[in-house]
Novice: 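The structure under discussion is supplied below as structure tokens; questions concerning it will follow.
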Amino acid sequence: MHRGIMNDAPTPSPRYDFRAAEPRWQAEWDKRACFAVPDVPPPGARKYYVLEMFPYPSGKIHMGHVRNYTLGDVVARYKRARGHLVMHPMGWDAFGLPAENAARERGVHPAQWTYANIANMRDELKRMGLSLEWAREFATCDPEYYGQQQHLFLDFWKAGLVERKESWVNWDPVDGTVLANEQVIDGRGWRSGALVEKKKLSQWFLAITKFAPDLLDALGRLDRWPDRVKLMQSNWIGRSEGARVRFALAEPAADMAEIEVFTTRPDTLFGMSFLAVAAEHPLAAAAAAANAQAAEFVAECRRMGTSEAAIEQAEKKGFDTGFRVKHPFTGAEYPVWIANFVLMEYGTGAIFGCPAHDQRDLDFARKYGLSVTPVVLPHGADAASFHVADTAYTEDGTAFNSGFLDGLPVAQAKRAAIDALEKQGSGTGVVNWRLRDWGVSRQRYWGCPIPVIHCDACGAVPVPVDQLPVRLPEDVDFSKPGNPLDHHPTWKHVDCPSCGKPARRETDTCDTFVDSSWYFARFCSPRAEVPVTREAVDAWLPVDQYIGGIEHAILHLLYSRFFSRAMKATGHLAVDEPFAGLFTQGMVQHESYKGADGRWLYPEEVEFATAADGTRSATVKGTDEAVTIGRVEAMSKSKRNTVDPGAIIAKYGADTARWFILSDNPPERDMEWTESGVAGAYRFTQRIFRMVEAALPALPPPGTAPEAEGRALRRATHRTIAAVTEALETFAFNVAVARLYEFANAIEAAKDAPGGARREALEMLARLAAPMMPHLAEEAWSLLRPGDATLVAQLPWPDADPALLVAETVTLAVQVLGKLRATIEVPVGASEETIFAAAEAEENVQRALGGKPIRKRIHVPGRVVNLVV
RNA sequence: GCCCGCCUGGCGGAAUGGCAGACGCAGCGGACUUAAAAUCCGCAGGCCGCAAGGUCAUGGGGGUUCGAGUCCCCCGGCGGGCACCA
């Protein structure tokens, strides 16, 4: 049995003392203001704006942050070396529920909790050696920030981009609060356990749907965004063409004479078997008013939760209202049901059911014994025998059983149906969007107050701009349920700015997604007394490279795209698209561990052993208690499979943490954090230092020209420059790391190379590694160039010498019928005849050919020869 | 349920349609050491073979191609998102 490496401290007295070196170089960068840029770049400057998604100040940085900010820092340092003026700011997404939870649970004020967390996390980030410009830092909970956000809200309002309307929320009747979907567990409030109800509240909305067509179209121009993010956004916006169809009620219900439905399949109207409305639909209300059972069904639907997943996964249920509608083409009557799978928010909140060609409708029809009439005949099927059993037919085909549509393919039948509806005035062709307006009202304390005053005489009145910011009151009481702003004794009581009579402040605050929808613009002029200054945003936006988690692929990015359009419409910005380039990183994962009694254990509580056959086992440190090694999964506090970056940096240094996190795998994929991987990265930092230190005495002075006899090593050097450059340009940071490992191996193998070439190689090793391990790079550079006043952080990126990239000979794979049989070494530029002759001369090739005549010879220069017999 | 992504040795992964497994981790053998750590040298996908070499192999099945991890179709498994967590 061998002890695992995880619990061993690194060498007690390493030759490279990162504990002294890292703070020293951080101070040096700071002193020389290496990362500061002006709000307005000088003429001719090539600006580059690198931004990582700013963190929520939970208290400590986690490995996801380390990964995110390391990726951004590599880009920032690389682009700076490429001669760009790089803006790389940092701030805090500081409003949100956790601060209120802390207040309720521990009695600490949200502001105090938040700012203390920020102070701690700022220190942790600084220890990572990130090339950030801290002068631009702000938190979204600073009144200077949220006051400007209120200014934007009022400008949007003036521009017609803010509306007040009603919408449904999850309501916890015991806590008296609105719940997030994730706070609804099995239909009950997470804290109170009370059955959650849907409730209608009057709320503020940002009119994102006004930009829906442009938000969709512009995706096509975001050529540096991942395709999958664009696809997710496209699906979210959800443009669909179809028809609105009005169905006359056989007898009026309440004050309604007809029901309007939206459908993407007007071609299947003849296959109708019922009409269904959402539980929130006015007709459902009418049915509920008249019938206790209907009321009970509507109430049941209201307990289902508001999330789309919950609604669609629930068993299909319905209630026949007894109302009937007339078919617009045939006049036949069909029943109107209330159905739990119809969404009030989408379309008109009502559908017509065609079970033969929609799976949900079919499930519903089978459950309640409703008719199923196929009206689309699959190509090649027989009209007399075709029928639908348990699977709806949703593919293309030809209309049948459909009156005047018979014989038309689906697309044409849709047009013909819409034409007929329009002609008889019972419907129109429309484009429908899945995207809904953005409800920003939150019944919470720790958010940006919505700058509105409600007056009985004047209605909703904007707070005058010169009275901004509307500050959060500090003396708030979290002991009562509900929104502290609402039951604060004085805060909401103000006079109407319009008529001067007593009025009430809006006590809702903004969704925190609003805060993060324009912070990237605020960074350009973070202290301005307007939301943004035009010179600064015009110079710096868009963000050239934005980096963050895929979990933000839809909402945050879409809201930010909306905000830049809205800010453009209100004269604050000139750009539509905030992020020209986007990179989405994967999660950081770790093994999970369980003790004998099933409790989760932190990695540092576990001790490992490896048996002779290589299998690992684990025990609780200092005991014999067996530990079950569980799955590798996303780090989470509940499973305790977390690793504290602070502890890692203290033990191994920032460069090691950065190097490992970059080396493990491609940054867009989920990575596994392993102790052995970190230890390996640490060994490599020490190895580089040793290599440089050991080589120093024999190196010629700085500036010595590399010798001609050093060509082999020089070729390795310049191939590495080219390869690392290419890798950094394409976000293949794990490949850049691999090339540097290979290069370090090559330098060690070339101990006999002349000094000038060795000096060049070692200097390049330091410079090429600098974006990834900036401290060690400075340390190595200072040893190689004693007295040199320039830091690596200030050096331009090296260029590879093209003359040294060209090979003299190439190795070609020789295949017979696509199978590798030999390799041959030929001079670059050898003629095809020579190459084929050499290939065919190989003994192994001859054997594989087996005397058969060669039918075809394929030569891919520099790669392969394939002989076909 | 709908949408999206992923699947290559013991592990993470590399590979403009052209030598599959670079590089790292773990492992094994050796050197150094009183011993260990650290360091250095070497081995290493499976199977057959003393070797030369052969053969199988990129989740499974089919297809396109002189040639497929890569392109196309079908199937399976895993993960993520679904509008008040951020």
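Each chain gets a letter, A, B and so on, in the order the sequences are listed, and its residues count up from 1. Only heavy atoms go into these numbers, but all of them, side chains included; no hydrogens, no water, no symmetry mates.
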Novice: Need one value for A:Q443: base, sugar-phosphate or nothing, where a base atom within 4.0 Å counts as base even if backbone is also close, heavy atoms only.
Specialist: base

Novice: If we take the C1' atom in both B:G27 and B:C11, what is their distance in whole Å?
Specialist: 11 Å

Novice: Over how many whole Å does the gap from A:N101 atom CG to B:C84 atom P extend?
Specialist: 17 Å

Novice: Check the distance between B:C25's P and A:F684's CZ and give it to me in whole angstrom.
Specialist: 10 Å

Novice: Just the rounded figure in Å: distance from P of B:U65 to NZ of A:K856.
Specialist: 10 Å

Novice: Return the value, rounded to whole Å, for the distance between atom CG of A:L812 and atom P of B:C66.
Specialist: 21 Å

Novice: Quick one: on RNA chain B, does A:E672 or A:H552 contact a more 5' nucleotide (nearest heavy atom)?
Specialist: A:E672

Novice: Rounded to whole angstroms, how far apart are CD1 on A:I237 and P on B:G81?
Specialist: 20 Å

Novice: Which nucleotide wins on minimum distance to the side chain of A:T811, given the candidates B:C3, B:C84, B:C19?
Specialist: B:C19

Novice: By the definition salt bridge (Lys or Arg N to Asp or Glu O under 4.0 Å), identify the one residue from A:R847, A:R857, A:R821 that meets it with A:E840.
Specialist: A:R857

Novice: If you take atom types as modelled and just measure distance, does the side chain of A:Q203 reach the base of B:C84 with a donor-acceptor pair under 3.5 Å?
Specialist: yes

Novice: Give A:S441 one of three labels, base, sugar-phosphate or nothing, depending on what nucleic acid heavy atoms sit under 4.0 Å from its own.
Specialist: base

Novice: How long is the span from the CD atom in A:Q585 to the CD1 atom in A:I547, to the nearest 0.5 Å?
Specialist: 8.0 Å

Novice: Just one of A:F520, A:Y519, A:Y546 clears the ring-ring contact (aromatic ring centres under 6.0 Å, His included) bar with A:F54, so which one?
Specialist: A:Y519

Novice: Side chain of A:I554, heavy atoms from C-beta onward: which of B:A83, B:G81, B:C40 has the nearest atom to it?
Specialist: B:G81

Novice: Expressed in whole Å, how much space separates the P atoms belonging to B:C40 and B:C23?
Specialist: 16 Å

Novice: Hey, does A:F513 reach any base, or is it just sugar-phosphate, or nothing, if we go heavy atoms under 4.0 Å?
Specialist: base

Novice: Should A:D363 and A:R360 count as an ion pair when the cut-off is N to O under 4.0 Å?
Specialist: no

Novice: Pairs counted only when both distances fall under 3.5 Å, Watson-Crick or G-U: show me the 5' to 3' dot-bracket for RNA chain B, [ ] for pseudoknotted crossings and | for other-strand partners.
Specialist: (((((((..(((.....[....))).(((((.......))))).((((....))))..(((((..]....))))))))))))....

Novice: Honestly, is A:K316 close enough over A:F364, meaning NZ or CZ under 6.0 Å from the six-membered ring centre and within 45° of the axis?
Specialist: no

Novice: Any chance you could measure A:N866, atom CG, to A:I858, atom CD1, to the nearest 0.5 Å?
Specialist: 5.0 Å

Novice: Among the candidates B:G12, B:A83, B:G18, find the nucleotide nearest to the side-chain atoms of A:L555.
Specialist: B:A83

Novice: With a non-hydrogen cut-off below 4.0 angstrom, is A:R228 in contact with a base, only sugar-phosphate, or nothing?
Specialist: sugar-phosphate

Novice: Could you tell me how far B:C19 sits from B:G67 if I compare only their C1' atoms? Round to whole Å.
Specialist: 12 Å

Novice: Counting the atoms with a prime plus P, OP1 and OP2 as sugar-phosphate, which does A:W236 contact under 4.0 Å by heavy atoms, base, sugar-phosphate, or nothing?
Specialist: base

Novice: If we take the P atom in both B:G62 and B:C2, what is their distance in whole Å?
Specialist: 29 Å

Novice: Counting side-chain heavy atoms from CB outward, which of B:G53, B:C84, B:G12 is closest to A:N844?
Specialist: B:G53

Novice: Quick check, are the ring centers of A:F733 and A:F731 under 6.0 angstrom apart?
Specialist: yes

Novice: Please measure how far the C1' atom in B:G1 lies from the corresponding atom in B:G12, and state the result in whole Å.
Specialist: 35 Å

Novice: Measure from the side-chain heavy atoms of A:R821 and tell me the nearest of B:U55, B:C25, B:C84.
Specialist: B:U55

Novice: Please determine, for the side chain of A:R683, which listed nucleotide (B:A38, B:A14, B:C23) has the closest atom?
Specialist: B:A38

Novice: Measure from NE2 on A:H556 to P on B:C85 and round the result to the nearest Å.
Specialist: 16 Å

Novice: More 5' along RNA chain B: A:E748 or A:S663, using each one's nearest nucleotide?
Specialist: A:S663

Novice: Please determine whether a side-chain nitrogen of the Lys or Arg among A:R15 and A:E693 lies less than 4.0 Å from a carboxylate oxygen of the Asp or Glu.
Specialist: yes

Novice: Between B:C19, B:C84, B:A15, spot the one nearest the side chain of A:R444, thanks.
Specialist: B:C84

Novice: Rounded to whole angstrom, note down the P distance from B:C41 over to B:G24.
Specialist: 11 Å

Novice: Base, sugar-phosphate or nothing for A:P55? Non-hydrogen atoms, less than 4.0 Å.
Specialist: nothing

Novice: Expressed in whole Å, how much space separates the P atoms belonging to B:A68 and B:G59?
Specialist: 15 Å

Novice: As a test of reading the structure: which of B:A86, B:C40, B:G18 is closest to the side chain of A:R687, going by heavy atoms?
Specialist: B:C40

Novice: A:R690 near the nucleic acid: base, sugar-phosphate alone, or nothing, with a heavy-atom cut-off under 4.0 Å?
Specialist: sugar-phosphate

Novice: Once you apply a heavy-atom cut-off of 4.0 Å, does A:L231 come out as touching a base, just sugar-phosphate, or nothing?
Specialist: sugar-phosphate

Novice: Would you call the rings of A:F836 and A:H859 parallel, tilted or perpendicular, where under 30° means parallel and over 60° means perpendicular?
Specialist: perpendicular

Novice: Tell me if B:G9 is syn or anti. Syn = glycosidic torsion within 90° of 0, anti otherwise.
Specialist: syn

Novice: Is A:K819 close enough to B:C56 that one of its side-chain N or O atoms is under 4.0 Å from OP1 or OP2 there?
Specialist: yes

Novice: Given the P atoms of B:G76 and B:G60, what is the spacing between them in whole Å?
Specialist: 15 Å

Novice: Rounded to the nearest 0.5 Å, what separation is found between the CD atom of A:E842 and the OG1 atom of A:T823?
Specialist: 7.0 Å

Novice: How many Å lie between CZ on A:R15 and C1' on B:A38, as a whole number?
Specialist: 11 Å

Novice: Please state how far atom CD in A:E693 lies from atom P in B:U39, giving the value in whole angstrom units.
Specialist: 15 Å

Novice: Tell me which nucleotide among B:A26, B:C84, B:A83 gets nearest to the side chain of A:R434.
Specialist: B:A83

Novice: Where the side chain of A:N734 is concerned, which of B:A86, B:A14, B:G18 is the nearest nucleotide?
Specialist: B:A14

Novice: For the atom pair CZ (A:F660) and CZ (A:F684), what is the distance rounded to the nearest 0.5 Å?
Specialist: 15.0 Å

Novice: May I ask you to say what A:N866 touches in the nucleic acid, namely base, sugar-phosphate or nothing, with a heavy-atom cut-off under 4.0 Å?
Specialist: base

Novice: Need one value for A:V860: base, sugar-phosphate or nothing, where a base atom within 4.0 Å counts as base even if backbone is also close, heavy atoms only.
Specialist: base

